[in-house]
Amino acid sequence: MAVHAHTSDRSAEGVANVVAQLIRWPDLALKRTRRGLGFRAGGREIVRMSGGHTAELLLTTDVIDRWARVLTDCRRVTLGRDTGWVVMKIEGKTDADLFLSLVSVAIKVNQASRWPASRRSR
C-alpha cells in the first residue's frame, strides 16, 4: 500500500512539473476548461490535461506515423481518441522530460502545418 501511495505522489509531482514548465513557455497560452487545463500554440489547442497522471498531445498524424515504432516502444504513449492526438502517462521526472520534448515537437509541427510550404521556407 505504501508503494502505491509513493507512486501516486510521483505521478502528481510529474504532472505538476509539466504544468509549471509549460506555463513559462512563451509559445503557449494556458486555458482552463471544465475538463482541466489546455495549452494553445498559435490559437490551436495542442495539450490537454484533465487531471491524474495522463496528458494528451496533438502531435499530428504525420509525426505519429513517422515515429510509430519509437512511440510504441516507450510504452508510455498511446493513440488518443481524436485524430493526430496521443495520450501519455506521466509518472515522474523522466516521463515529464519526455512529454516536454514532445510538446516542443508539437509546437513546431502544428505551427508548420498552419502555413503553406512556400511561406515556411522563407
Side-chain angles (χ1 to χ4, degrees):
M1 199 69 149
V3 172
H4 178 66
H6 179 66
T7 302
S8 296
D9 290 344
R10 281 189 8 184
S11 297
E13 180 181 300
V15 172
N17 179 45
V18 166
V19 171
Q21 294 286 328
L22 294 179
I23 287 171
R24 295 188 295 225
W25 288 20
D27 291 335
L28 293 177
L30 173 66
K31 180 170 182 167
R32 295 182 190 279
T33 68
R34 290 183 310 193
R35 296 182 206 152
L37 299 176
F39 289 90
R40 295 172 120 15
R44 176 185 251 178
E45 183 178 42
I46 65 165
V47 176
R48 299 173 183 157
M49 304 180 95
S50 58
H53 61 274
T54 60
E56 295 176 81
L57 181 63
L58 180 58
L59 275 181
T60 74
T61 304
D62 289 342
V63 171
I64 293 169
D65 291 346
R66 205 173 13 209
W67 290 4
R69 184 172 177 173
V70 174
L71 294 172
T72 303
D73 287 351
C74 84
R75 299 179 194 248
R76 289 288 190 212
V77 180
T78 58
L79 290 176
R81 287 180 289 169
D82 298 327
T83 302
W85 287 81
V86 295
V87 177
M88 183 172 168
K89 292 180 187 175
I90 303 172
E91 297 181 334
K93 184 176 179 349
T94 303
D95 294 340
D97 290 345
L98 174 59
F99 187 77
L100 292 169
S101 296
L102 291 174
V103 172
S104 291
V105 172
I107 290 169
K108 185 163 180 81
V109 298
N110 282 288
Q111 182 180 47
S113 70
R114 297 177 66 90
W115 299 104
S118 61
R119 292 202 50 198
R120 278 185 267 157
S121 60
R122 293 182 185 174

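What's counted below: heavy atoms across the whole structure, side chains too, no hydrogens, waters or symmetry copies. When a residue number appears, it is its place in the shown sequence, counting from 1. Bear in mind the structure is a predicted one, so any value in this text is a computation, not a measurement.
- Shown here for N17 and A96, the closest heavy-atom pair between the two residues is ND2-CB, 3.7 Å.
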For the pair I64 and V86, evaluate side chain to side chain contact (heavy atoms under 4.5 Å, CB included) and give the outcome as yes or no after the intermediate values. CA-CA 8 Å; I64 293 169; V86 295; 3.6 Å; yes
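- For the side chain to side chain contact (heavy atoms under 4.5 Å, CB included) test with L59, the passing option among D65, I46, L71, V103 is L71; the others fail.
- T33 is not listed as a side-chain neighbour of L37, based on a closest heavy-atom distance of 4.5 Å or more.
- Counting only heavy atoms from C-beta outward, the side chains of T72 and V77 never approach each other to under 4.5 Å.
- Tracing side-chain contacts under 4.5 Å through hydrophobic residues (I, L, V, M, F, W, Y), one reaches L100 starting from V109; they form part of the same cluster.
- Shortest non-hydrogen contact noted between C74 and L98 is SG-CD2, 4.3 Å.
- The minimum heavy-atom distance linking F39 with M49 is given by the pair CE1-SD, 4.1 Å.
- Linking Ile, Leu, Val, Met, Phe, Trp and Tyr whenever their side-chain heavy atoms come within less than 4.5 Å puts L30 and L22 in one cluster.
- D73 and R69 are joined by a salt bridge, as a carboxylate oxygen and a charged side-chain nitrogen come within less than 4.0 angstrom of each other.
- A heavy-atom distance below 4.5 Å is found between the side chains of L58 and R44.
- With rounding to the nearest 0.5 Å, the separation of CD1 in I23 from CG in L28 is 10.5 Å.
- With M88 as the fixed residue, the side chain to side chain contact (heavy atoms under 4.5 Å, CB included) test singles out one of L102, T78, L57, V18: L102.
- A distance of 5.0 Å separates NZ in K31 from CZ in R40, rounded to the nearest 0.5 Å.
- The two residues W25 and I107 have their closest heavy-atom pair at CE3-CD1, 3.8 Å.
- Among residue pairs with one or both ends in residues 95-109, those qualifying as side-chain hydrogen bond (donor to acceptor under 3.5 Å, both in side chains) are R76-D95, K93-D97; sequence neighbours excluded.
- Note on residues 79-88: pairs passing side-chain hydrogen bond (donor to acceptor under 3.5 Å, both in side chains), not counting sequence neighbours, are R48-D82.
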